Amino acid sequence: MLFNFAASLYNIQKQENHIIMRTKIKTILTGDGVDYKVNVKGWVRSFRNNQFIALNDGSCMGNIQVVIDLATDEEVTRNITNGASISVDGTVVASQGRGQRVEIKAETIKILGTCDSESYPLQLKNKPSLEFLREKAHLRFRTNTFGAVFRVRHALAYAVHKFFNDRGFVYVHTPIITASDAEGAGEMFRVTTLPFDNPPRTESGSINYKEDFFGKSTNLTVSGQLEAELAAMNFSEVYTFGPTFRAENSNTARHLAEFWMIEPEVAFNDINDNMDLAEDFIRYLIEHAMAHNREDIEFLAQRLADEEKQKPQNERSEMGLIEKLEFVINNKFERITYTDAINILQSSTPYKKKKFQYEVKWGADLQSEHERYLVEKHFKKPVIVTDYPEGIKSFYMRMNDDGKTVAAMDILAPGIGEIVGGSQREERLDKLTERMEAMNIPADELSWYLDTRRFGTVPHSGFGLGFERMVLFVTGMTNIRDVIPFPRTPKNAEF
RNA sequence: UCCUCCUUAGCUCAGUUGGUUAGAGCACAUGACUGUUAAUCAUGGGGUCCCCCGUUCAAGUCGGGGAGGGGGAGCCA
């Protein structure tokens with residue numbers, strides 16, 4: 001930051017008698033200099049008193065106040081409207097007003113793009129609802145809330161790469177179009193160039209995919225895990241970070257049809273190493289965002305607090321956003337086995353009072369209500385549940401010595417539910433094929449995957465973290481559609 | 001997919017027991033003012049009360065159906 005500021009001063013000096021280079025508003029607001037010439041460009045957030053422009057260029061939460069001369073050409077002032085883009089040459093001076101340290105005394109103002117006030121849908125003073133802004137997703141970047149959310153999203157994406165890069169992981173680009181539909185991670189979107197109305201048929205009447213673009217039936221990926229495992233068999237530590245698609249008809253605030261997932265895969269790691277990695281990773285992401293986007297997170301914390309005030313007392317959360325994030329940074333996650341979790345639930349008050357809607361029984365999957373009890377009521381912190389019954393988990397998870405449970409781990413976060421799902425993978429060929437057979441997974445389609453177990457197999461582990469759920473957690477937003485710029489959900493693919 | 005709630009001005013919302021010309025704040029337009037901080041003051045324009053059907057002398061209001069959205073659940077990350 002100091003460097004940027006010094007650099008911009010250098011540019012000003014260098015070009016004193018020429019056109020001034022653009023300075024980002026963040027640089028001006030975070031610097032401590034005054035009485036120097038700048039050029040700023042941005043969008044008008046408000047224009048008060050025919051004199052004071054609040055200008056934002058997206059570089060930070062804050063606006064810079066531009067003060068214009070009362071004698072400014074009326075043709076110009078008429079076009080300084082909400083949402084208009086302008087370029088300002090002027091001098092950064094100490095502000096006479098009380099709301100800000102510095103402001104820009106404008107010398108020349110150029111209207112870059114006008115914005116018709118009557119038809120511009122963003123009237124920020126009216127606090128438009130998140131639902132309304134969702135329908136204006138092409139414009140919602142220009143609001144304080146979404147500006148902050150997407151700056152934080154960027155910071156988290158950067159931190160993902162930095163975390164793994166600093167630890168010697170190799171970033172692997174796994175395919176988006178895949179032929180295997182045997183992973184069982186969910187319903188898939190079909191990819192085809194065959195005509196809908198009259199596709200070629202085989203003799204038996206089914207669609208003949210031999211004539212399709214790839215010569216076989218293909219889909220959008222539901223996970224890069226299997227391919228990441230292949231790469232881990234050379235690089236030892238790899239990760240993927242890419243779009244993932246699920247054609248489930250899920251209508252919730254936590255599901256998207258197109259979302260971004262991070263999937264590290266590490267050779268020689270067992271389930272405990274895997275949990276350590278996941279925990280370090282989550283903590284690192286939060287710390288990074290807190291350190292680099294403090295202002296955004298403070299704004300979002302205030303937004304959340306205001307929203308909470310609308311709720312009845314008993315539904316309000318005990319911690320504010322910043323407290324919650326600091327709590328996660330400073331406390332180890334609770335680690336319990338699935339069997340322990342069942343025992344805790346069975347001796348809980350809601351269980352005894354028959355408040356749970358779903359059965360709590362060894363062998364049945366934990367339901368949202370159970371997870372929420374464990375995380376939000378019993379432990380009051382993130383919980384890692386391990387060693388699930390083999391019947392409710394995927395084929396590639398490693399069978400434990402008890403023959404009943406697998407080395408799986410789910411991280412449950414307050415307010416979000418499952419944020420990470422991972423496991424130690426079954427590296428023993430005989431056990432893996434046995435389990436695939438039992439779960440009706442066709443081994444011939446996955447022979448390339450089984451080769452890893454044939455040629456130099458090693459114990460290895462990995463997990464998947466839903467990026468949007470992480471962004472939800474850090475921003476305190478409550479609907480996943482508000483943390484991805486253009487959400488894809490059932491019946492909705494606008495923009 | 002299931003349960004539940006909602007849909008009135010550009011936005012956020014009121015609208016009484018079914019009753020006559022449907023309101024407010026903000027936004028917008030015009031004017032005034034000029035060191036404002038959600039600026040202020042005055043004036044003004046703005047409505048397919050989501051759609052269809054029904055009950056009724058009369059429907060924003062009651063009933064049925066549909067569409068869209070929110071919240072919760074399932075599936076999962």
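The figures that follow rest on heavy atoms only: side chains count, while hydrogens, waters and symmetry mates do not. These numbers were taken from a predicted model, which means no experiment stands behind them. A, B, ... follow the sequence lines: proteins, then strands. Residue 1 opens every chain.
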Q) Do the ring planes of A:Y158 and A:H288 sit parallel (below 30°), tilted (30 to 60°) or perpendicular (above 60°)? A) tilted
Q. Parallel, tilted or perpendicular: which fits the ring planes of A:F281 and A:F463, with parallel below 30° and perpendicular above 60°?
A. tilted
Q) Which comes earlier along RNA chain B counting from the 5' end, the contact point of A:N492 or that of A:S129, where each point is its nearest nucleotide? A) A:S129
Q. With nearest nucleotides of RNA chain B determined for A:V67 and A:Y358 from heavy-atom distances, which residue corresponds to the more 5′ nucleotide?
A. A:V67
Give the nucleotide from the list [options] with an atom nearest to the side chain of [X].
{"X": "A:N249", "options": "B:C33, B:G71, B:U1", "value": "B:U1"}
{"X": "A:N82", "options": "B:C28, B:G35, B:C76", "value": "B:C28"}
{"X": "A:T252", "options": "B:A73, B:G35, B:A39", "value": "B:A73"}
{"X": "A:P128", "options": "B:G35, B:C28, B:C11", "value": "B:C11"}
{"X": "A:R481", "options": "B:G72, B:G35, B:G70", "value": "B:G70"}

[X] [atom1] - [N] [atom2] separation (whole Å):
{"X": "A:N49", "N": "B:G35", "atom1": "CG", "atom2": "P", "result": "7 Å"}
{"X": "A:R101", "N": "B:U37", "atom1": "CZ", "atom2": "C1'", "result": "17 Å"}
{"X": "A:L256", "N": "B:C75", "atom1": "CG", "atom2": "P", "result": "18 Å"}
{"X": "A:E494", "N": "B:G68", "atom1": "CD", "atom2": "C1'", "result": "13 Å"}
{"X": "A:D116", "N": "B:A27", "atom1": "CG", "atom2": "P", "result": "16 Å"}
{"X": "A:Q225", "N": "B:C76", "atom1": "CD", "atom2": "P", "result": "15 Å"}
{"X": "A:I68", "N": "B:U34", "atom1": "CD1", "atom2": "C1'", "result": "11 Å"}
{"X": "A:Y373", "N": "B:A73", "atom1": "OH", "atom2": "C1'", "result": "21 Å"}

Do [X] and [N] share a donor-acceptor pair, side chain to base, under 3.5 Å?
{"X": "A:N251", "N": "B:U1", "result": "yes"}
{"X": "A:S250", "N": "B:C76", "result": "no"}
{"X": "A:E131", "N": "B:G70", "result": "no"}

Please name the nucleotide paired to [N] by Watson-Crick or G-U wobble geometry with both distances under 3.5 Å, or report none.
{"N": "B:A67", "answer": "B:U7"}
{"N": "B:A73", "answer": "B:U1"}
{"N": "B:U12", "answer": "B:A24"}

Base, sugar-phosphate alone, or nothing: which one does [X] contact when heavy atoms must sit under 4.0 Å apart?
{"X": "A:R78", "result": "nothing"}
{"X": "A:E103", "result": "base"}
{"X": "A:F132", "result": "sugar-phosphate"}
{"X": "A:Q357", "result": "nothing"}
{"X": "A:L70", "result": "sugar-phosphate"}
{"X": "A:E135", "result": "nothing"}
{"X": "A:R98", "result": "base"}
{"X": "A:I416", "result": "nothing"}

Looking only at atom [atom1], what distance separates [N] and [M], rounded to whole Å?
{"N": "B:G66", "M": "B:C2", "atom1": "P", "answer": "11 Å"}
{"N": "B:A32", "M": "B:G69", "atom1": "P", "answer": "46 Å"}
{"N": "B:C50", "M": "B:C6", "atom1": "C1'", "answer": "12 Å"}
{"N": "B:U12", "M": "B:G18", "atom1": "P", "answer": "28 Å"}
{"N": "B:C52", "M": "B:U17", "atom1": "C1'", "answer": "27 Å"}
{"N": "B:U56", "M": "B:U1", "atom1": "P", "answer": "36 Å"}
{"N": "B:U61", "M": "B:U8", "atom1": "P", "answer": "13 Å"}
{"N": "B:G35", "M": "B:C51", "atom1": "P", "answer": "49 Å"}

(Q) Does the Lys NZ or Arg CZ of A:R246 fall within the cation-pi geometry relative to A:F189 - under 6.0 Å from the ring centre and within 45° of the axis? (A) no
(Q) Whether A:R134 engages the ring of A:F132 as a cation-pi pair (distance to the six-membered ring centre under 6.0 angstrom, angle to the ring normal within 45°) should be assessed. (A) no
Q. Would you call A:R78 and A:E75 a salt bridge, using N to O less than 4.0 angstrom?
A. yes
**Q.** Any donor-acceptor N or O pair under 3.5 Å, side chains A:Y396, A:Q225
**A.** yes
Q) Will you find, in the side chains of A:N274 and A:N269, an N or O donor that is under 3.5 Å from an N or O acceptor? A) no
I want to check one thing: is the phosphate of [N], taken as OP1 and OP2, less than 4.0 Å away from some side-chain N or O of [X]?
{"X": "A:R134", "N": "B:G70", "answer": "yes"}
{"X": "A:R48", "N": "B:U36", "answer": "no"}
{"X": "A:Q367", "N": "B:G74", "answer": "yes"}
{"X": "A:R254", "N": "B:C75", "answer": "no"}
{"X": "A:N50", "N": "B:U34", "answer": "no"}

Q: Please say which of A:Y351, A:F356, A:Y338 ends up in a ring-ring contact (aromatic ring centres under 6.0 Å, His included) with A:H370.
A: A:F356
**Q.** A:I297 side chain reached by A:V474 side chain, heavy atoms, under 4.5 Å
**A.** yes
